[in-house]
Amino acid sequence: MKKIGIFGGSFNPIHNGHIALARQLRELAGLNEVWLMVSPLNPLKQSSADLLPDHLRLQMAQLALQGETGLKASDYEFHLPKPSYTWNTLQALHNDYPNDVFTLLIGADNWQLFHHWRNYADILAHYPIVIYPRQGSPIDAASLPKGVQLVNTQLYNVSSTEVRCRIREGKPVDQLIPASIVERAQTYYAIHHGK
């Protein structure tokens with residue numbers, strides 16, 4: 001039996017903050033692996049003109065995680081009905097990997113919106129949840145329901161939006177994303193924006 005954390009996102013593109021956070025979550029939550037689940041469509045987000053095609057975001061995530069222990073980029077949601085609701089993903093994972101235990105990893109900002117998620121009560125009833133801090137989204141650990149825990153990870157001051165903006169402006173991004181994907185990210189986002 002493996003304990004696997006599901007860390008979902010658009011990863012548009014994956015950046016050093018995502019990777020450092022995934023490392024910390026794996027350790028603090030006592031997980032064997034963290035799967036960075038590249039999402040084809042977030043039901044709570046408007047479709048973005050900035051969103052690269054699924055396979056390109058996955059490719060960069062896979063490259064960025066090469067050599068990382070216990071972290072892997074997953075295209076699992078690409079093969080599920082869209083939009084990709086977390087409850088559907090967790091149910092499908094449970095059916096496909098019945099011997100493993102899946103933990104949902106979400107930011108404090110998402111926890112504050114959790115009651116809007118589809119089947120949120122079912123997720124709470126059947127899956128452990130680990131929350132990590134986000135700037136401007138305070139969480140009272142004492143108020144959390146059974147099966148939900150807050151872990152004290154670092155705050156990372158980097159975002160995919162910032163990476164995309166810097167690429168558009170011709171600024172360096174080598175401090176923000178792994179060296180293995182700098183050239184690809186610059187090429188993909190430049191082409192995507194018709195430069």
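In plain terms, the two heavy atoms of I177 and I14 that are nearest each other are CG2-O, 3.5 Å. Considering every non-hydrogen atom in both R57 and N12, the closest pair reads CD-OD1, 3.4 Å. Residue A92 comes nearest to L80 through the heavy atom pair CB-CD2, 3.9 Å, listed as atom of the first residue, atom of the second, then distance. Nearest heavy atom pair, residue P13 against residue R164, reads CD-CG, 4.1 Å. Here the closest heavy-atom approach between residue S84 and residue P40 is recorded as OG-CD, 3.9 Å. Across all their heavy atoms, I106 and L104 have their closest contact at CG2-CG, 3.7 Å.
With rounding to the nearest 0.5 angstrom, the OG atom of S160 is 10.5 Å from the CG atom of L52. Note: L21 CG to L28 CG = 9.5 Å, rounded to the nearest 0.5 Å. Taking CD from Q62 and CG from L58, the interatomic distance works out to 4.0 Å, rounded to the nearest 0.5 Å. The line from CD of Q59 to CD1 of I181 is 10.5 Å long, rounded to the nearest 0.5 Å. The distance from atom CZ of R184 to atom CE of M60, rounded to the nearest 0.5 Å, is 9.0 Å. Between the CE atom in M37 and the OG atom in S10 there is a gap of 14.0 Å [rounded to 0.5 Å].
Summarising the local packing, CG of N152 is surrounded by 12 or fewer heavy atoms from other residues, nucleotides or ligands at distances under 6.0 Å. N157 CG: 12 or fewer foreign heavy atoms inside a 6.0 Å radius. Heavy atoms of other residues, nucleotides or ligands lying less than 6.0 angstrom from CD of Q112 number more than 12. Counting heavy-atom neighbours within 6.0 Å of Q149 CD, excluding the residue itself, gives a total above 12.
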Might you work through the side chain to side chain contact (heavy atoms under 4.5 Å, CB included) test for V38 and F78, ending with a clear yes or no? CA-CA 8 Å; V38 181; F78 292 8; 3.9 Å; yes
From CA spacing to verdict: side chain to side chain donor-acceptor pair (under 3.5 Å), Y188, E183: CA-CA 9 Å; Y188 291 161; E183 194 174 326; over 6 Å; no
Test side chain to side chain contact (heavy atoms under 4.5 Å, CB included) applied to T103 and I6, step by step: CA-CA 6 Å; T103 297; I6 300 302; over 6 Å; no
Show the numbers, then the answer: is there a side chain to side chain contact (heavy atoms under 4.5 Å, CB included) between W111 and L144? CA-CA 10 Å; W111 174 251; L144 296 174; 3.5 Å; yes
Going through the checks in order, is the side chain to side chain contact (heavy atoms under 4.5 Å, CB included) test met by L25 and V130? CA-CA 8 Å; L25 287 167; V130 170; 4.1 Å; yes
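Aromatic ring centroids of H94 and F102 lie 6.0 Å or more apart. For W35 and Y97, the ring centers are positioned less than 6.0 Å apart.
Here the rule is side-chain contact (heavy atoms from CB on, under 4.5 Å) with I167, and of V173, L176, V182, T187 only V173 fits it.
Side-chain polar atoms of Y156 and Q24 form a donor-acceptor pair below 3.5 angstrom. For the residue pair N110 and Y132, no side-chain donor N or O sits within less than 3.5 Å of a side-chain acceptor on the partner.
Under a 3.5 Å cut-off, the side chain of H18 and the backbone N or O of H15 do form a donor-acceptor pair.
Both cation-pi conditions hold for R118 and Y85: the charged atom is under 6.0 angstrom from the six-membered ring centre and inside a 45 degree cone around its axis.
Using a 4.5 Å cut-off on side-chain heavy atoms (C-beta onward), L31 and I4 make no contact. Within the 4.5 Å cutoff, side-chain heavy atoms of I129 are placed close to those of F114. Looking at Y189 and R168, their side chains never come closer than 4.5 Å, going by heavy atoms from C-beta outward. In this structure, the side chains of L90 and I123 come closer than 4.5 Å at one or more pairs of heavy atoms. Residues Q66 and S180 fail the side-chain proximity criterion, which asks for heavy atoms closer than 4.5 Å. Side chains of R23 and R26 form no contact here, defined as non-hydrogen atoms less than 4.5 Å apart. Between D54 and D75, every side-chain heavy-atom pair lies at or beyond the 4.5 Å cut-off. The side-chain heavy atoms of L105 and V34, taken from C-beta on, include a pair separated by under 4.5 Å.
The pair K72-E33 does not count as a salt bridge, with every side-chain nitrogen at least 4.0 angstrom from each carboxylate oxygen. Remark: D109 engages R134 in a salt bridge, criterion side-chain N to carboxylate O under 4.0 Å.
Following chains of ILVMFWY side-chain contacts shorter than 4.5 Å, one cannot reach W87 starting from V101, and the two form parts of different hydrophobic clusters.
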